[in-house]
Amino acid sequence: MGASLDLVDVDSLLSAEEVDVRGAARRFADERLRPSLPEWFEAGAIPARELAKELGALGFLGMHLTGYGCAGLGPVAYGLACLEIEAADSGMRSLVSVQGSLAMYAIWKYGSEEQKAEWLPRMSAGEAIGCFGLTEPDFGSNPAGMRTNARRDGADWILNGSKMWITNGSIADVAVVWARTDDGVRGFVVPTSTPGFSAPEIKQKMSLRASVTSELVLDDVRLPESAMLPEARGLSGPLGCLNEARFGIIFGAMGAARDCLETAIAYAGERIVFDKPLTAYQLTQAKLADMAVELNKGILLAVHLGRLKEKGTLRPEQVSVGKLNNVREAIAIARECRTILAANGISGEYPIMRHANNLESVLTYEGTSEVHQLVIGQALTGQSAFR
């Protein structure tokens with residue numbers, strides 16, 4: 001945060017390395033992303049491969065993983081990078097999250113040594129792009145109902161089915177696809193050049209327009225035995241990956257909120273209403289104060305959860321607390337900041353409406369608010385209310 005927004009001295013909780021990583025991510029966001037984002041968002045297209053290579057060169061892809069060319073940085077450093085990149089745009093952070101915390105993490109955590117050696121070095125460099133195929137057209141919050149299936153055919157596997165709302169899908173070189181087998185849900189590493197695999201891009205999005213979103217279609221996709229992720233059995237595999245991605249969102253959403261608040265403060269300081277700046281009015285200051293308090297609380301929560309993750313004690317319901325609170329507060333901040341800019345708040349000249357639109361997707365993906373409420377509710381009561 002800028003000094004004026006860091007009301008509780010969050011920076012005192014960070015190591016020098018974490019501050020350096022945050023600074024590098026902020027410079028990339030300021031110099032490479034912000035100038036082009038209004039155009040990318042309006043066009044609904046990004047130079048994804050070019051950006052992936054630049055992010056890889058900076059060490060931001062799979063940065064919290066070790067070995068295979070990955071940076072091996074800690075959870076808080078990774079989170080701060082997500083925060084700064086999402087302060088530019090949620091779609092940009094989605095590219096980083098899906099690459100590192102879903103596709104790469106799945107191979108790193110559950111893959112064979114051969115799978116890791118083949119894909120992770122290229123993915124960490126941004127030379128190969130990955131996607132993560134779990135969500136289906138009819139099964140989002142209930143992945144156990146997935147219809148995508150894999151059946152044996154001699155020594156091979158044959159995959160059939162479809163996945164929906166897949167970030168990076170149509171530009172990916174490799175897809176981690178989860179499918180139902182006679183042995184339960186299993187993961188497969190699928191090169192996207194495999195016959196029968198296609199990934200039509202989803203158009204007409206009102207949110208995350210500066211991000212590639214696709215459907216995955218698997219039509220008799222034949223894979224060798226070696227394509228299966230050997231260490232993932234059942235839904236614990238994909239759900240473990242989702243917790244990794246949700247952790248990045250806890251930080252990232254606060255980046256979008258911070259950018260909105262910084263924009264609103266700067267605008268209100270220059271906007272003259274009834275002969276004085278908008279910032280000089282009590283109602284405006286009350287809005288700004290309330291939003292700054294929630295922003296600081298959210299970042300403190302994110303850093304605390306990061307420290308728990310460092311110690312290996314972070315529990316799924318704690319991730320749900322962070323995701324539920326921080327995205328909910330971020331979208332509330334974006335909406336309130338829009339009111340300060342009034343009509344200018346809907347203009348692409350300012351980032352606030354873009355952030356607000358993006359956060360509608362962030363509110364839903366990697367677990368809807370309702371799902372996270374039920375995870376927390378189960379932790380509180382010992383009762384599962386999912387069915």
Side-chain angles (χ1 to χ4, degrees), residues 1 6 8-25 59-86 93 96-111 116 120 124 231-232 234-255 295-327 329-330 366-367 371-380 382:
M1 285 189 289
D6 189 2
V8 295
D9 197 14
V10 171
D11 277 14
S12 68
L13 305 176
L14 307 178
S15 69
E17 180 181 64
E18 289 163 350
V19 171
D20 287 345
V21 169
R22 181 182 66 180
F60 289 151
L61 301 180
M63 62 187 296
H64 58 310
L65 307 179
T66 55
Y68 309 97
C70 300
L73 294 170
V76 173
Y78 168 64
L80 291 169
C82 288
L83 186 152
E84 294 298 335
I85 292 170
E86 190 151 355
R93 197 266 310 139
V96 171
S97 288
V98 169
Q99 178 84 344
S101 289
L102 290 179
M104 289 179 68
Y105 180 81
I107 295 170
W108 181 84
K109 178 74 172 178
Y110 304 117
K116 295 175 188 178
L120 293 181
S124 68
E231 302 301 325
L235 283 174
S236 61
L239 295 181
C241 298
L242 289 178
N243 264 336
E244 287 292 308
R246 289 164 180 163
F247 175 78
I249 291 170
I250 295 169
F251 280 85
M254 291 294 94
L295 175 68
N296 278 266
K297 285 160 59 178
I299 294 177
L300 284 172
L301 173 59
V303 172
H304 172 64
L305 295 178
R307 298 300 181 216
L308 294 180
K309 190 168 172 54
E310 285 175 359
K311 295 190 293 185
T313 61
L314 183 62
R315 303 191 303 274
E317 67 267 23
Q318 293 171 327
V319 175
S320 288
V321 169
K323 206 272 186 178
L324 175 65
N325 180 79
N326 285 12
V327 180
E329 294 304 325
E366 317 296 359
V371 164
H372 291 296
Q373 287 172 319
L374 295 182
V375 170
I376 296 166
Q378 184 172 351
L380 292 172

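Side chains included, hydrogens not; waters and symmetry mates left out as well; all remaining heavy atoms used. Just so you know, these numbers come straight off a predicted model, no measurement behind them. Sequence positions, counted from 1, serve as the residue numbers for this chain.
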Under the side chain to side chain donor-acceptor pair (under 3.5 Å) test, residues paired with Glu317 that sit two or more places apart
Arg315

Looking at residues at least two apart in the chain, or sitting in another chain, which of them share a ring pair (Phe, Tyr, Trp, His ring centres under 6.0 Å) with His372?
none

Closest non-hydrogen contact found for Met63 with Ala81 is SD-CB, 3.8 Å

Separation between CD (Glu86) and CE (Met254), nearest 0.5 Å, reads 9.0 Å

So do the side chains of Lys297 and Asn325 get within less than 4.5 Å of each other, counting heavy atoms only?
no

Nearest atoms (heavy-atom pairs only) where Met104 meets Cys70:
CE-SG, 3.7 Å

Arg246 side chain to Glu366 backbone, donor-acceptor under 3.5 Å:
yes

Residue pair Tyr110 / Gly240: nearest heavy atoms and the distance that separates them:
OH-CA, 4.0 Å

Can you sort out the partners of Phe247 under ring pair (Phe, Tyr, Trp, His ring centres under 6.0 Å), two or more places apart, ordered by chain and number?
Phe251

Can you pull out every salt bridge (Lys or Arg N to Asp or Glu O under 4.0 Å) where at least one residue sits in residues 102-111? Sequence neighbours excluded, please.
none

For Lys116, the side chain to side chain donor-acceptor pair (under 3.5 Å) test, sequence neighbours excluded, returns none

All heavy atoms of Gly248 vs all of Cys82, minimum pair found to be O-CB, 3.6 Å

CG-CG distance between Asn296 and Leu301, expressed to the nearest 0.5 angstrom:
12.5 Å

From CG (Asn326) to CD1 (Ile249), nearest 0.5 Å:
11.0 Å

Carefully, step by step, assess Tyr78 and Val21 under the rule side-chain contact (heavy atoms from CB on, under 4.5 Å).
CA-CA 8 Å; Tyr78 168 64; Val21 169; over 6 Å; no

Could you tell me whether the side chain of Leu83 reaches within less than 4.5 Å of the side chain of Ile299, counting heavy atoms only?
yes

Which heavy atom of Gly306 sits nearest to which heavy atom of Pro75, and what is that distance?
O-CB, 3.9 Å

Between Val319 and Leu305, does a side-chain contact (heavy atoms from CB on, under 4.5 Å) hold up when you go through it step by step?
CA-CA 8 Å; Val319 175; Leu305 295 178; over 6 Å; no

When you measure from the side chain of Asp6 to the backbone of Asp11, do you find a donor-acceptor pair of N or O atoms at a distance under 3.5 Å?
yes

Taken to the nearest 0.5 Å, the spacing of Ser236 OG from Glu231 CD works out to 11.0 Å

Salt bridge (Lys or Arg N to Asp or Glu O under 4.0 Å): which pairs involve residues 234-245, sequence neighbours left out?
Glu244-Lys309

Would a 4.5 Å heavy-atom cut-off, applied to side chains only, mark Leu14 and Leu80 as touching?
yes

When rounded to the nearest 0.5 angstrom, what is the spacing between OG1 in Thr313 and CZ in Arg307?
12.5 Å

Under the criterion side-chain contact (heavy atoms from CB on, under 4.5 Å), I'd like the reasoning laid out for Val321 against Val375: C-alpha separation, chi angles, the key distance, then a yes or no.
CA-CA 9 Å; Val321 169; Val375 170; over 6 Å; no

Once you round to the nearest 0.5 Å, how far does CG of Leu73 lie from OG1 of Thr66?
11.0 Å

Quick check: closest heavy atoms across Leu300 and Val8, and the distance to 0.1 Å?
CD1-CG2, 3.7 Å

